[in-house]
Amino acid sequence: MFAKITAAAHACPSHIVSNDQLSTIMDTSDEWIFSRTGIKNRHISTGEDTSDLAIKVAQKLLDQKGLDASELDFIIVATITPDSQMPSVAARVQAAIGAERAFAYDLVAACSGFVFALSTAEKLILAGQQKGLVIGAEVFSKILDWSDRSTAVLFGDGAGGVLLENASSTPFVIAEELRTDGSRGDKLTSGATGVHSPFAQVDGPKASIQMDGRAIFDFATRDVPKNMLSVLTKAQLAVEEVDYFLLHQANSRILDKMAKKIGADRHKFLQNMAEYGNTSAASIPILLSESIESGKLSLGINQKIILSGFGGGLTWGTMLIQL
Ligand code: 4VN
């Protein structure tokens, strides 16, 4: 048996902040932000933490399938903005929904987190696990430097996820390639803690997000198209045979360049960054859930989908899946 996504859901804070609203608290404008990124609005938490959003997603996934939480074998949450290091967000979800049999852990791979987590979950299913939740959840607003207009305007908060089940006679992952290049890790950083003890006082880089925008833009437009083409080559599939591309929603201009580089129809690159901004590990599952709701994607009809995440680490990865 193979893995299958049998439900998708998302949950975002209800408070929406527009570009115009942002321009009242920092020196920026709707025209600057929209023309460079395609972002119009972002949902920003007024108090909900990452686990609150992840728990809502988990509950929706169970409700959709009428599943009891005790039937879950595992819960993986991809996040770089956990409520705490311990307990993990996944452990908080496990307790809140009462998934008494499930093991649960967080996976840290920044904007590639959901793709890395889904890939890992598929291997758990192939090894015999029956049902698990894979969730991407972020409250990015709490790690932003709200005085840095070059990064603060890009991000938003949200969560999305899927229920993965051992339920299919057709393969789920057709081909995949996950990558990391830690030697370029300093181009996109957050959450440094430093070493503080009676024996050492060492400050690391700043805890808020720091990004070399040019370097990350170049990374995304060079390494990710190569990665997607490599996966298509492994699968012996032509670009035209892919039904939709669901990529990390970092920036609409970056998606334009990627589509051009691989020779794909830009209309097949789904996007929702106008409404949510960049929600890091949550962006792909939110897009997946919305695209199923809107009817663009349907579970169980073998649509061929490319999922690609890319970001801090540096990490990037592509999965070619059949829905
Ligand atoms: C992946 C990417 C980005 C990202 C990088 C650069 C960028 C987003 C730089 C040029 C600037 C507009 C914004 Cl590709 C961020 C992450 C983090 O999740 C991951 N925007 N831009 C301009 O002046 O045009």
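Whatever order the structure lists ligands and atoms in, that order sets their numbers, starting from 1.
Every atom of ligand 1 is numbered from 1 in the order shown, and the set under 4.0 Å from a heavy atom of Gly213 is 6 (C), 9 (C). Listed by number with element, the atoms of ligand 1 under 4.0 Å from a non-hydrogen atom of Ala220 are 14 (Cl). With ligand atoms numbered from 1 in the order given, ligand 1 contributes 18 (O), 19 (C) to contacts under 4.0 Å with heavy atoms of His248.
Annotation: atom 10 (C) of ligand 1 to nearest protein heavy atom, Phe217 CD1, 4.3 Å. Regarding atom 19 (C) of ligand 1, its nearest protein heavy-atom neighbour is Phe310 O, 3.6 Å. Scanning the protein heavy atoms around atom 14 (Cl) of ligand 1, the nearest turns out to be Ile254 CD1, 3.1 Å. For atom 15 (C) of ligand 1, the nearest protein heavy atom (residue, atom name, distance) is Met211 SD, 3.6 Å. Counting protein heavy atoms only, atom 22 (C) of ligand 1 is closest to Arg36 CD, 3.6 Å. For atom 12 (C) of ligand 1, the closest heavy atom belonging to the protein is Asn251 ND2, 3.8 Å.
Between Lys65 and Thr6, some side-chain heavy-atom pair lies under the 4.5 Å cut-off.
Not close to ligand 1: Arg253, with no non-hydrogen atom less than 4.0 angstrom away. Judged by the shortest distance from any of its heavy atoms, Cys111 lies inside the 4.0 Å radius around the atoms of ligand 1. Taking 4.0 Å as the cut-off, Phe155 counts as a neighbour of ligand 1 on heavy-atom distance.
Residue pairs meeting the ring pair (Phe, Tyr, Trp, His ring centres under 6.0 Å) criterion with at least one partner in residues 285-323, sequence neighbours excluded, are Phe219-Trp316, His248-Phe310.
The line from CG of Leu320 to CD of Glu177 is 12.0 Å long, rounded to the nearest 0.5 Å. To the nearest 0.5 Å, atoms CG (Asp20) and NZ (Lys40) are separated by 7.5 Å.
Within 6.0 Å of the CZ atom in Arg184, the count of heavy atoms belonging to other residues, nucleotides or ligands exceeds 12. At most 12 heavy atoms of other shown residues, nucleotides or ligands fall within 6.0 angstrom of atom NE2 in His267.
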(Q) Please determine whether ring pair (Phe, Tyr, Trp, His ring centres under 6.0 Å) holds for the pair Phe2 and Phe172, giving the CA-CA distance in whole Å, both sets of side-chain angles, and the decisive distance to 0.1 Å. (A) CA-CA 6 Å; Phe2 299 103; Phe172 172 59; 9.8 Å; no

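When distances from atom 5 (C) of ligand 1 to the protein are checked, a heavy atom turns up under 4.0 Å.
Between the side chain of Asp243 and the main chain of Ile305, no donor-acceptor pair closer than 3.5 Å is present.
Between Lys234 and Glu176, none of the side-chain N atoms (NZ, or NE/NH1/NH2) sits under 4.0 Å from a carboxylate O, so this pair counts as no salt bridge.
Ligand 1 has a nitrogen or oxygen under 3.5 angstrom from a nitrogen or oxygen of Asn278.
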